[in-house]
Novice: 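Quick one: structure below, then a few questions.
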Amino acid sequence: MTTVLELKNVTKNIRGRTIIDHLSFSIREGEVFGFLGPNGAGKTTTIRMMVGLMKLSKGDVLICGQSITKDYAKAIKHIGAIVENPELYKFLSGYKNLQQYARMVKGVTKEKIDEVVELVGLTDRIHDKVKTYSLGMRQRLGLAQCLLHDPKVLILDEPTNGLDPAGIREIRDHLKKLTRKKGMAVIVSSHLLSEMELMCDRIAILQKGKLIDIQNVRDEITDENDTYFFQVEQPNEAASVLKEYNLVKKTNGVEVKLAKDEVPGAIELLVMQQVRIYEVKVVTKSLEDRFLEMTGEAKEEVQHA
């Protein structure tokens, strides 16, 4: 896959304080890439630097090989972005908003406007005034604005803020459609773990301006030993039988750290002691588990530094 955006040691210092600390990563075409972190982690500041709304203290951002510090005009033409909220003329129709924006960009035809309107699912309401739009519809119109000039990279800061579950799903579906149909890279920032897990292919986890890790969302956690949950009728007896293993007792069973080839032996031990087993399953870590694990470790490192 082609790299379309690259951050190289991006740093931001404000009044002697390091807000963003040497961020380096690359983003490929056709993927939804997430910035995940608590409020104040540096997500919006990083996005502002990526689109030239804030000056870098150190480092560089390359967009399709063009440097924003050396040739901003050439680099930024590949970007479409909504930072925080889409700014729209509420007294105009959705269509007239797009026409107004199209005047700022060369070569945007009526056919192109119609194409993006259909792509974001606003065909039925595009000629209504924006003040009658729901928040989700305004987000989609903002998305249409971003797509008029066929950017290679789409950057959205907290795109699901304030949306109801149906609106969140709409935005998620539209972003996936864009990566499939257009092959563009989509960058999304959020602090909502569940949404990022459903929306993104890879996620950069930020904390206090530092990059903690980049995770493939759908990667399974591989470990020498997996955690298995044994749902049993007698949790106390099960814990006693398997006490030689690393385990945690639950109200309806036990969680045990085991290598795969140890599972049959553990089951056999329980059966021999007449412990009734209802289910045995691998406990997989969710994105939330991984996020809290990593940011928790990072907090401990900061405290001990």
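FYI, the numbering just counts along the sequence from 1.
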Novice: Atom CZ of R276 and atom CD of Q234: how far apart are they, to the nearest 0.5 Å?
Specialist: 8.0 Å
Novice: Could you check whether atom CE of M104 has more than 12 heavy atoms from other residues, nucleotides or ligands sitting under 6.0 Å from it?
Specialist: yes
Novice: Applying side-chain contact (heavy atoms from CB on, under 4.5 Å), run through V61 and M49 and close with a yes or a no.
Specialist: CA-CA 8 Å; V61 178; M49 289 193 289; 5.6 Å; no
Novice: Under 4.5 Å between side-chain heavy atoms, counting indirect links through other Ile/Leu/Val/Met/Phe/Trp/Tyr residues: same cluster for F35 and L62 or not?
Specialist: no
Novice: Check K77, K112, K106 against D150 for a salt bridge (charged side-chain N to carboxylate O under 4.0 Å, His left out) and give me the one that passes.
Specialist: K112
Novice: So, taking the atom named OG in S26 and the one named NZ in K8, what distance separates them when rounded to the nearest 0.5 Å?
Specialist: 10.5 Å
Novice: Hey, quick one: are L92 and Y133 part of the same hydrophobic cluster, counting side-chain heavy atoms closer than 4.5 Å, chains of contacts allowed?
Specialist: no
Novice: May I have the step-by-step check of side-chain contact (heavy atoms from CB on, under 4.5 Å) for F229 and V248, ending in yes or no?
Specialist: CA-CA 9 Å; F229 175 67; V248 177; over 6 Å; no
Novice: Specify the closest pair of heavy atoms between H149 and V105, including all atoms of both residues, with the distance to one decimal.
Specialist: CB-CG1, 3.6 Å
Novice: In terms of heavy-atom contacts, does CD of E118 have more than 12 from other residues, nucleotides or ligands at under 6.0 Å?
Specialist: no
Novice: Mind listing the closest non-hydrogen atom pair of A266 and L258 along with its distance?
Specialist: CB-CD1, 4.1 Å
Novice: Is a side-chain N or O of K43 found less than 3.5 angstrom from the main chain of V188, in a donor-acceptor match?
Specialist: no
Novice: Might you work through the side-chain contact (heavy atoms from CB on, under 4.5 Å) test for M50 and I187, ending with a clear yes or no?
Specialist: CA-CA 11 Å; M50 286 162 63; I187 302 166; 3.6 Å; yes
Novice: How long is the span from the CD1 atom in I76 to the CG atom in L53, to the nearest 0.5 Å?
Specialist: 7.5 Å
Novice: Are Y89 and K96 packed together at the side-chain level, in the sense that at least one heavy-atom pair is separated by less than 4.5 angstrom?
Specialist: no
Novice: What distance do E262 atom CD and L242 atom CG have between them, rounded to the nearest 0.5 Å?
Specialist: 10.5 Å
Novice: Within the 4.5 Å heavy-atom criterion, are L56 and I20 side-chain neighbours or not?
Specialist: no
Novice: How are the rings of F33 and F25 set relative to one another: parallel (under 30°), tilted (30 to 60°) or perpendicular (over 60°)?
Specialist: parallel
Novice: May I ask you to test the L175-L143 pair for a side-chain heavy-atom distance under 4.5 Å?
Specialist: yes
Novice: Going from NE2 on H78 to CG on L5, what distance comes out if it is rounded to the nearest 0.5 angstrom?
Specialist: 11.0 Å
Novice: Might you confirm whether atom CD of E279 has over 12 heavy atoms from other residues, nucleotides or ligands at distances under 6.0 Å?
Specialist: yes
Novice: Quick check for you: to the nearest 0.5 Å, what is the distance between Q66 atom CD and D60 atom CG?
Specialist: 11.0 Å
Novice: What verdict does the side-chain contact (heavy atoms from CB on, under 4.5 Å) test give for I14 and T45, after you've listed the backbone C-alpha separation in whole Å, the side-chain angles of each residue and the deciding distance to 0.1 Å?
Specialist: CA-CA 11 Å; I14 298 176; T45 301; 5.7 Å; no
Novice: For I82 and G142, work out which heavy atoms get closest and say how close.
Specialist: CD1-C, 3.5 Å
Novice: Could you report the tightest heavy-atom contact between L156 and I47, atom names first, then the distance?
Specialist: O-CD1, 4.4 Å
Novice: Would you check if K58 and N9 make a side-chain contact, meaning some heavy-atom pair closer than 4.5 Å?
Specialist: no
Novice: Considering only heavy atoms from C-beta outward, does the side chain of I126 approach that of L141 to under 4.5 Å?
Specialist: yes
Novice: Using every non-hydrogen atom in the two residues, find where K249 and A239 come nearest and quote the distance to one decimal.
Specialist: CD-CB, 3.8 Å
Novice: Could you check whether any side-chain heavy atom of Q273 comes within less than 4.5 Å of a side-chain heavy atom of L269, counting everything from C-beta outward?
Specialist: no
Novice: Under 4.5 Å between any side-chain heavy atoms of L206 and L23, yes or no?
Specialist: yes
Novice: Is any side-chain heavy atom of Y228 closer than 4.5 Å to one of L247?
Specialist: no
Novice: Should the pair D173-K177 be classified as a salt bridge under the 4.0 Å nitrogen-to-oxygen rule?
Specialist: no
